[in-house]
Every structure is written in C-alpha cells, then in structure tokens.
Student: 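To start, I am sharing the structure in question, which I have written as structure tokens.
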Amino acid sequence: MTVALVRAVVLASFSLTTSAAFAADPLPDAVAAPGESKILTVHAEGVQVYECKPVSDGKLAWSFREPVATLIADGRTVGRHYAGPNWEHVDGSVVTARAAGSAPGATAADIPWLKLEVIAHRGNGLLSGVATVQRINTSGGEFSGACDKAGALKSAAYSADYVFLRRD
C-alpha cells in the first residue's frame, strides 16, 4: 500500500468514527442525564405496535400501543422490552419507566429519542439500581397510513440503543 493510500484510509476511518460519535455526543438536553453513570447499554431490535382508534373528533387514527423488542449486548440476547414500558434483563430484574424528555429522531420515519424516569423496580439483578433509561440512535418505528377499522393493529420495525443509568 502506498503512503497516500494509507493516509486516505486513515482519514476516511477517522471521519466515519468521529461523525458517528458526534451524532450522540453530546446528547440533546431533553434526553441527557447529567450526574448519572451508565450501568448497561443494549441494542434493541423489534417493532412498535399501533392500534387504529377513534380520536377526539370521532375519526380513526393510529395510536401507539406498545413496543415489542429483543435486547442485545455483545451479540447475545440479554432481555426484552415490552408494554409498560418495561425492560426485563435475563437475570430477572425489571424496570418500568415513564417519559421525562424527548428529542426528534434523525428522520421523520424514526421514533423520537427519549429520557425515561424509572418508576418501578422488580428483582435484584443488574437493573435494580437503574434511575433513568435513555432511548437513543433510533431507526424506524413510526407508522402512518390508512386507519379505517377500529381495533386494527399494525407494526413498524425499529431499532434503538437503550442506556440504563444510575444516580451518582
């Protein structure tokens, strides 16, 4: 390999890695959790489920119902994410949280990034000390389209990273 080619490869690698790092660092203020430390970061692959329901004017519209996702770390399934919203680790620990902040996803097709405040714990495992959950790096998950039958369900594939934090 020539010196010029090596330089080009190194510069291209540097620009790819640094642009990815800047995408989430620093996090938007609405989802940041200053004064908290990371316990665990997992990648989620799954769907966001929507239900066709009447809205205030009596017309039908898609309404978010629940997430259904597998939590993955180091290429292994380490838990699941489901209605509540709940995150359950394979060690039996579970957290339930509620939204405390939101920032838009990268595109209109991406669900928002979220900061979620933990409101309940179950079990004594890894998630037992979690105070905050961040949903970042979202891809997909938004659903739109004709909603003409109340009770109909549709899902939209999504992925995201979830960061579990404890207060310092």
Side-chain angles (χ1 to χ4, degrees), residues 23-57 59-73 76-145 147 150-168:
D25 190 20
L27 290 173
D29 287 345
V31 298
E36 297 190 26
S37 301
K38 181 172 36 174
I39 293 175
L40 174 69
T41 299
V42 299
H43 182 71
E45 293 283 339
V47 296
Q48 298 282 307
V49 179
Y50 294 85
E51 182 175 2
C52 186
K53 298 170 94 172
V55 290
S56 58
D57 62 4
K59 293 181 182 175
L60 295 174
W62 291 107
S63 176
F64 175 71
R65 179 177 167 151
E66 64 187 325
V68 178
T70 300
L71 304 178
I72 303 161
R76 296 176 310 144
T77 297
V78 296
R80 63 190 186 112
H81 175 42
Y82 54 93
N86 291 293
W87 293 263
E88 182 175 338
H89 193 268
V90 293
D91 67 9
S93 58
V94 180
V95 293
T96 305
R98 67 173 168 231
S102 178
T107 74
D110 302 331
I111 54 177
W113 291 20
L114 296 176
K115 175 181 179 180
L116 300 119
E117 172 188 346
V118 172
I119 57 173
H121 294 88
R122 290 191 309 275
N124 294 317
L126 191 59
L127 303 181
S128 63
V130 173
T132 303
V133 179
Q134 294 168 318
R135 178 176 75 188
I136 61 172
N137 303 324
T138 59
S139 178
E142 287 290 350
F143 184 80
S144 62
C147 175
L153 299 175
K154 295 285 182 178
S155 61
Y158 92 105
S159 66
D161 293 327
Y162 289 98
V163 182
F164 299 90
L165 305 157
R166 66 175 165 77
R167 290 192 179 89
D168 290 338

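Every value quoted in this text rests on a predicted model; they were computed, and no experiment measured them. What's counted below: heavy atoms across the whole structure, side chains too, no hydrogens, waters or symmetry copies.
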Student: Any heavy-atom pair between the side chains of R80 and T70 that's under 4.5 Å?
Tutor: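 No. Closest side-chain heavy atoms not under 4.5 Å.
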Student: Please examine the side chains of P112 and S102, heavy atoms only from C-beta on, and report whether any two atoms are closer than 4.5 Å.
Tutor: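 Yes, close enough: below the 4.5 Å cut-off.
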Student: If you compare all heavy atoms of H121 against all heavy atoms of S128, which two are closest, and at what distance to 0.1 Å?
Tutor: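 Taking H121 first and S128 second, the nearest heavy atoms are CD2-O, 3.2 Å.
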Student: Can you tell me if E88 and Y82 form a side-chain donor-acceptor pair at under 3.5 Å?
Tutor: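 Their side chains do contain a donor-acceptor pair, which is all the 3.5 Å distance test asks for.
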Student: Does D91 reach the main-chain N or O of L126 with its side chain, forming a donor-acceptor pair under 3.5 Å?
Tutor: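 Pair found, side chain donor or acceptor close to backbone of L126.
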Student: For A73 versus V42, what's the shortest heavy-atom pair and its separation?
Tutor: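 Reported closest heavy-atom pair: CB-CG1, 4.3 Å.
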Student: Say whether, by atom type as modelled, one donor and one acceptor occur between the side chain of S155 and the main chain of V49 under 3.5 angstrom.
Tutor: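 Not confirmed, S155 side chain does not pair with V49 backbone.
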Student: Which atoms form the tightest heavy-atom contact between Y162 and A44, and what is the distance?
Tutor: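 For Y162 versus A44, the nearest heavy atoms are CE1-CB, 3.4 Å.
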Student: May I ask you to test the V133-V163 pair for a side-chain heavy-atom distance under 4.5 Å?
Tutor: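 No, side chains not in contact.
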Student: Show, in sequence, the C-alpha distance, side-chain angles and deciding distance for N137 and H43, and conclude whether the side-chain contact (heavy atoms from CB on, under 4.5 Å) test is met.
Tutor: CA-CA 9 Å; N137 303 324; H43 182 71; over 6 Å; no
Student: We want to know whether D110 and T138 form a side-chain donor-acceptor pair, criterion being a heavy-atom distance below 3.5 angstrom.
Tutor: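 No, T138 and D110 have no side-chain donor paired with an acceptor closer than 3.5 Å.
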Student: Does the side chain of E36 pick up a donor-acceptor pair with the side chain of T132 at under 3.5 Å?
Tutor: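 T132 and E36 do have a side-chain donor-acceptor pair below 3.5 Å.
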Student: Between I136 and L27, is a side-chain contact (heavy atoms from CB on, under 4.5 Å) present by the stated rule, with each step listed?
Tutor: CA-CA 9 Å; I136 61 172; L27 290 173; 3.8 Å; yes
Student: Minimum heavy-atom separation for G129 to R166, with atom names?
Tutor: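 For G129 and R166, the tightest heavy-atom pair comes out as O-CB, 3.4 Å.
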Student: Find out whether Q48 and F143 are in side-chain contact, i.e. whether some heavy atom of one side chain is under 4.5 Å from a heavy atom of the other.
Tutor: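 Not in contact.
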Student: So for atom CG, which belongs to N124, do other residues, nucleotides or ligands contribute more than 12 heavy atoms lying within a distance under 6.0 Å?
Tutor: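 Open.
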Student: Nearest 0.5 Å, what's the CZ-OG1 distance between R98 and T96?
Tutor: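 Those atoms lie 11.5 Å apart.
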Student: With a cut-off of 6.0 Å (strictly less than), are more than 12 heavy atoms of other residues, nucleotides or ligands near CG of D29?
Tutor: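 Atom CG in D29 is not crowded, with 12 or fewer foreign heavy atoms closer than 6.0 Å.
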Student: Distance from E51 atom CD to S63 atom OG, nearest 0.5 Å?
Tutor: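 That separation rounds to 7.0 Å.
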Student: Can you find a pair of side-chain heavy atoms, one from V118 and one from F164, that are under 4.5 Å apart?
Tutor: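 Heavy-atom side-chain distance check fails, nothing below 4.5 Å.
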Student: So V68 and H81, do their side chains get closer than 4.5 Å, heavy atoms only?
Tutor: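 When only atoms from C-beta onward are counted, V68 and H81 do not touch, as no gap falls below 4.5 Å.
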Student: Indicate yes or no: at least one non-hydrogen side-chain atom of W87 is less than 4.5 angstrom from one of L71.
Tutor: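 W87 vs L71: side chains touch.
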Student: Would you check if the side chain of Q134 reaches a backbone N or O of V31 as a donor-acceptor pair within less than 3.5 Å?
Tutor: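 Yes: the side chain of Q134 pairs with the backbone of V31.
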Student: Can you check whether E142 reaches Y50 side chain to side chain, under 4.5 Å on heavy atoms?
Tutor: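 Touching, per the 4.5 Å side-chain cut-off.
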Student: Between T77 and G79 (side chain of the first, backbone of the second, donor and acceptor by atom type, cut-off under 3.5 Å), is there such a pair?
Tutor: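 Checked: no pair found.
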Student: Write down the atom of L116, the atom of P85, and the distance for their closest heavy-atom approach.
Tutor: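 Looks like CD2-CG, 4.3 Å.
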Student: Please check this pair: side chain of K115 against backbone of A100, looking for a donor-acceptor N/O pair closer than 3.5 Å.
Tutor: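 The answer is no, because no donor-acceptor pair under 3.5 Å joins these two groups.
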Student: Over all heavy atoms of both residues, which pair between W62 and C147 is shortest? Give the atoms and the distance, please.
Tutor: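 Heavy atoms only, the tightest pair is NE1-CB, 3.4 Å.
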